[in-house]
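Whatever order the structure lists them in is the order used to number ligands and atoms, beginning at 1.
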Amino acid sequence: MRRCFSKITDCHLGFKNSNFFLVGSEVGSGSVTRTIATTSERSFSTSYAAHQVDQTKDNPVSDMLIDSFGRLHTYLRISLTERCNLRCQYCMPSEGVELTPKPQLLSQSEIVRLAGLFVSAGVNKIRLTGGEPTIRKDIEEICLQLSSLKGLKNLAITTNGITLAKKLPKLQECGLDSLNISLDTLVPAKFEFLTRRKGHDRVMKSIDTAIELGYNPVKVNCVVMRGLNDDEICDFVELTRAKPINVRFIEFMPFDGNVWNVKKLVPYAEMMDKVVKRFPSIKRMQDHPTETAKNFTIDGHCGSVSFITSMTEHFCSGCNRLRLLADGNFKVCLFGPSEVSLRDPLRSGADDEALREIIGAAVKRKKAAHAGMLDIAKTANRPMIHIGG
Ligand SMILES: Nc1nc2c(ncn2[C@@H]2O[C@H](COP(=O)(O)OP(=O)(O)OP(=O)(O)O)[C@@H](O)[C@H]2O)c(=O)[nH]1
Ligand SMILES: C[S@@+](CC[C@H](N)C(=O)[O-])C[C@H]1O[C@@H](n2cnc3c(N)ncnc32)[C@H](O)[C@@H]1O
Ligand code: SF4
Ligand code: SF4
């Protein structure tokens with residue numbers, strides 16, 4: 001994706017006193033180089049500057065997508081369905097979740113209309129998620145229509161990969177640019193335990209199909225849980241030696257109905273200790289300031305490794321994400337319970353301007369960061385399967 005560095009040029013990361021820091025030369029200030037963010041003090045006074053790198057010149061970000069901390073929201077996650085063909089323990093309760101009746105879910109044309117509104121305001125990346133987005137029957141048509149939106153630079157999907165191998169060639173033709181596939185274990189029996197369903201071989205096949213079709217990197221999302229799959233961290237890293245994949249270890253997050261407790265959380269620092277011992281050449285890469293992941297390379301590996309540290313080192317100061325849920329609710333933060341319906345005004349005949357006002361007001365109410373770890377666990381929120389990650 002092409003980036004326009006409208007205010008900051010020549011961004012790079014440095015490393016000092018155990019902190020990575022982002023340095024940028026600012027246009028219009030005599031190219032003065034200064035530290036604009038560190039991992040320990042990624043403060044909000046600097047986040048606006050860091051965010052300028054997320055603007056594209058041909059699709060500038062309108063006020064509707066800028067929050068009260070100056071964060072530019074250029075990434076929209078759309079949940080296409082609340083249903084899924086797996087039942088992952090970390091995502092949903094064993095008894096399943098309450099499903100919104102079909103007529104109350106967004107139709108294809110409603111999704112495209114709302115997405116068009118966001119893209120015309122400056123969103124340049126859309127991720128389809130769910131539930132499992134690939135089980136939606138009209139997914140190809142949705143991809144085709146979204147990928148045609150002027151100003152959209154990247155159409156991505158997060159999927160469990162169960163039915164992906166068969167569907168991917170067509171989805172690629174319909175404009176799907178990037179792929180994240182979830183896989184938490186390399187052991188088939190454990191997969192069945194974790195997901196309460198069979199299908200490990202199908203997910204592995206989907207990863208290989210995605211590589212064959214030229215997706216690079218194929219991102220592999222692995223939620224790490226103590227006593228369940230933390231013994232497989234180095235095996236996942238080993239996979240990146242020969243496969244052009246980016247394995248992303250995700251800290252286990254609490255949501256309604258999942259099996260989270262603090263003892264099951266494996267903190268980033270602990271995961272990293274394991275990896276460094278076995279792969280001492282691991283090196284931090286330059287991260288984009290709005291990314292969820294901290295990214296690393298290892299000598300001799302054609303893939304890479306990342307960590308998504310929502311629980312122990314949040315990345316809220318660089319947040320550029322908004323969420324449209326399958327029932328048409330708009331959610332400005334993954335961990336925030338606050339939601340507003342876009343479906344209802346849309347169905348009552350609201351014009352684009354009225355919808356923009358509702359969206360803009362919700363964005364302005366977005367908080368600086370999420371609550372502390374244990375507070376998140378106590379906050380009322382939906383199950384993850386409704387939110388889509
Ligand atoms: N705390 C937090 N976690 C997020 C956010 N967005 C995604 N995640 C988590 O990151 C993990 C991977 O999510 P993905 O669906 O692959 O999305 P992504 O990390 O934005 O993917 P890329 O666009 O490829 O970087 C999941 O556990 C998500 O719940 C966010 O805005 N905040
Ligand atoms: C909710 S799923 C939806 C998309 C698709 N069904 C899938 O599994 O990839 C999106 C992402 O959220 C991650 N996820 C779900 N529950 C989580 C939790 N409790 N903590 C961290 N990540 C979680 C999944 O592993 C997946 O990568
Ligand atoms: S993580 Fe994805 S595959 Fe697993 S239950 Fe949730 S929505 Fe389904
Ligand atoms: S927790 Fe909320 S504010 Fe923080 S990165 Fe995620 S969506 Fe953004």
Side-chain angles (χ1 to χ4, degrees), residues 42 44 47 67 69 71 73 75-94 96-97 127-136 156-164 179-185 191 194-197 199 203 206 219-225 229 247-261 264-266 289-293 308-311 313-323 325-326 331-338 363 366-373 376-377 379 381-389:
R42 289 174 85 187
F44 287 93
S47 74
D67 73 7
F69 305 96
R71 293 176 295 191
H73 294 84
Y75 174 0
L76 179 68
R77 301 175 65 94
I78 303 179
S79 174
L80 293 185
T81 175
E82 297 171 350
R83 292 175 184 273
C84 190
N85 42 11
L86 296 181
R87 298 282 183 275
C88 305
Q89 295 188 27
Y90 53 73
C91 181
M92 65 189 295
S94 54
V97 288
R127 174 170 304 284
L128 304 176
T129 178
E132 176 47 37
T134 60
I135 64 173
R136 184 149 168 157
I157 197 169
T158 301
T159 167
N160 62 27
I162 289 286
T163 62
L164 187 71
L179 260 179
N180 298 2
I181 301 177
S182 303
L183 176 70
D184 309 300
T185 174
F191 179 93
L194 276 171
T195 67
R196 304 173 177 123
R197 293 288 185 276
V203 184
S206 289
K219 297 189 183 179
V220 174
N221 284 347
C222 174
V223 179
V224 178
M225 289 157 286
N229 59 352
V247 170
R248 308 196 310 161
F249 297 110
I250 304 174
E251 287 181 343
F252 185 20
M253 303 186 263
F255 285 89
D256 188 46
N258 77 5
V259 293
W260 192 88
N261 75 53
K264 287 196 184 140
L265 170 74
V266 184
T290 59
E291 252 195 298
T292 50
I308 298 182
T309 62
S310 308
M311 303 305 290
E313 248 184 63
H314 73 71
F315 30 81
C316 301
S317 67
C319 185
N320 67 346
R321 286 165 293 276
L322 298 171
R323 290 167 170 82
L325 307 191
K331 193 171 175 71
V332 291
C333 175
L334 174 66
F335 289 125
S338 149
V363 169
K366 180 162 172 164
K367 297 216 166 70
H370 63 65
M373 193 153 67
I376 297 172
T379 307
N381 202 349
R382 298 219 208 185
M384 184 62 133
I385 188 166
H386 276 187
I387 306 172

Subject >> L334 neighbourhood, listing ligand 4 atoms whose heavy-atom distance to it stays under 4.0 Å >> reply: 2 (Fe), 7 (S)
Subject >> Distance-only polar pair, side chains of T129 and T158, donor-acceptor under 3.5 Å >> reply: no
Original post:
Is the gap between the ring centers of F335 and F255 under 6.0 Å?
Top reply: yes
**OP:** List the atom of N229, the atom of V223, and the distance in Å for their closest heavy-atom pair.
**Re:** ND2-O, 2.8 Å
Original post:
Given the protein's heavy atoms, is any one of them under 4.0 Å from atom 2 (S) of ligand 2?
Top reply: no
Subject >> Protein heavy-atom partner closest to atom 2 (Fe) of ligand 4 - residue, atom, separation in Å >> reply: C333 SG, 2.3 Å
Original post:
Of the choices G130, C84, G131, P133, which has the non-hydrogen atom that lies closest to atom 6 (N) of ligand 2?
Top reply: G131
Subject >> Closest non-hydrogen atom pair between R321 and F315, with its separation >> reply: NH2-CD1, 3.8 Å
Subject >> Subset of ligand 2 atoms that lie under 4.0 Å from at least one heavy atom of N258 >> reply: 19 (N)
**OP:** First locate atom CG of L76, then atom CG of N320, and finally report the distance between them rounded to the nearest 0.5 Å.
**Re:** 10.5 Å
Original post:
With a 4.0 Å cut-off on heavy atoms, is G130 touching ligand 3?
Top reply: no
Subject >> atom 21 (C) of ligand 2 [closest protein heavy-atom partner, distance rounded to 0.1 Å] >> reply: M253 CE, 3.4 Å
Subject >> Partner of P254 by side-chain contact (heavy atoms from CB on, under 4.5 Å), out of M311, M373, M384 >> reply: M311
Original post:
For atom 8 (Fe) of ligand 3, which protein heavy atom lies nearest, and how many Å away is it?
Top reply: C84 SG, 2.3 Å
Original post:
CE/M225 to CG/L265 distance, rounded to the nearest 0.5 angstrom?
Top reply: 11.0 Å
Original post:
Between R77 and ligand 2, is there a nitrogen or oxygen pair with a distance under 3.5 Å?
Top reply: no
Subject >> Straight-line distance of S338 OG to N381 CG, nearest 0.5 Å >> reply: 10.5 Å
Original post:
Any idea which protein heavy atom is nearest atom 6 (Fe) of ligand 3, and the distance to it?
Top reply: C91 SG, 2.4 Å
Original post:
Would one find an N, O or S atom of C88, in either backbone or side chain, under 2.8 Å from atom 4 (Fe) of ligand 3?
Top reply: yes
Original post:
Going by the order shown, which atoms of ligand 2 are within less than 4.0 Å of some heavy atom of I250?
Top reply: 21 (C), 22 (N)
Original post:
Please state which protein non-hydrogen atom is closest to atom 9 (O) of ligand 2 and give its distance, to 0.1 Å?
Top reply: S182 OG, 2.6 Å
Subject >> Flag side-chain contact, heavy atom, 4.5 Å: D256 against R382 >> reply: no
**OP:** Identify, for atom 10 (C) of ligand 2, the protein heavy atom at the shortest distance, and state residue, atom and that distance.
**Re:** G388 O, 3.7 Å
**OP:** Assess R323 for proximity to ligand 4: is some non-hydrogen atom of it under 4.0 Å away?
**Re:** yes
Original post:
Heavy-atom contact under 4.0 Å between H314 and ligand 4?
Top reply: no
Original post:
Which heavy atom in W260 sits nearest to a heavy atom in M253, and how many Å separate them?
Top reply: CD1-C, 3.4 Å
Original post:
So is D184 polar-close to ligand 2, meaning N/O to N/O under 3.5 Å?
Top reply: no
Subject >> Side chain to side chain, F249 and V266, heavy atoms closer than 4.5 Å >> reply: no
Original post:
Can you find an N/O atom of T129 closer than 3.5 Å to an N/O atom of ligand 2?
Top reply: no
Original post:
Checking side-chain contact (heavy atoms from CB on, under 4.5 Å) for the pair M92/R196: CA distance, chi angles, key distance, verdict?
Top reply: CA-CA 11 Å; M92 65 189 295; R196 304 173 177 123; 4.2 Å; yes
**OP:** Give the residue, atom name and distance (to 0.1 Å) of the protein heavy atom nearest atom 1 (S) of ligand 4.
**Re:** H370 CD2, 3.3 Å
**OP:** Would you kindly say whether T159 and E132 are connected by a side-chain donor-acceptor distance under 3.5 Å?
**Re:** yes
Original post:
Who's closest to atom 22 (N) of ligand 2 heavy-atom-wise, of V259, V223, N221?
Top reply: V223
Original post:
For ligand 2, is any non-hydrogen atom under 4.0 Å from I387's backbone (N, CA, C, O), its side chain (CB onward), both, or neither?
Top reply: neither
Original post:
Should we say atom CZ of R83 is surrounded by more than 12 heavy atoms from elsewhere, each under 6.0 Å from it?
Top reply: no
Subject >> ligand 4 versus K367: contacting region, heavy-atom distance under 4.0 Å >> reply: neither
**OP:** Only heavy atoms count here, so choose which of S317, C316, G318, G336 is nearest to atom 3 (S) of ligand 4.
**Re:** C316
Original post:
Counting each atom of ligand 3 from 1 as listed, which ones have a heavy atom of N160 under 4.0 Å away?
Top reply: 3 (S)
Original post:
Between F252, F255, Y90, which one has a non-hydrogen atom sitting closest to atom 17 (C) of ligand 2?
Top reply: Y90
**OP:** Output the list of atoms in ligand 4 that are nearer than 4.0 Å to some heavy atom of R321, sorted by atom number.
**Re:** 5 (S)
**OP:** State, to 0.1 Å, how close R127 and I157 come at their nearest heavy-atom pair, and which atoms those are.
**Re:** NH1-O, 3.1 Å
Original post:
Non-hydrogen atoms of I385 versus ligand 2: any pair closer than 4.0 Å?
Top reply: no
Subject >> Nearest heavy-atom neighbours spanning R136 and L80 >> reply: NH1-O, 3.0 Å
**OP:** Tell me which protein heavy atom sits closest to atom 5 (C) of ligand 2, plus the residue, atom name and distance to 0.1 Å.
**Re:** E132 OE1, 3.4 Å
**OP:** Find all atoms of ligand 4 within a distance of less than 4.0 Å from any non-hydrogen atom belonging to F335, and give their numbers and elements.
**Re:** 1 (S)
Original post:
Any idea which heavy atoms bring K331 and G336 closest together, and the distance?
Top reply: NZ-O, 2.6 Å
Subject >> Nearest-neighbour protein heavy atom for atom 11 (C) of ligand 2, which is reported as residue plus atom name and distance >> reply: T158 CG2, 4.1 Å
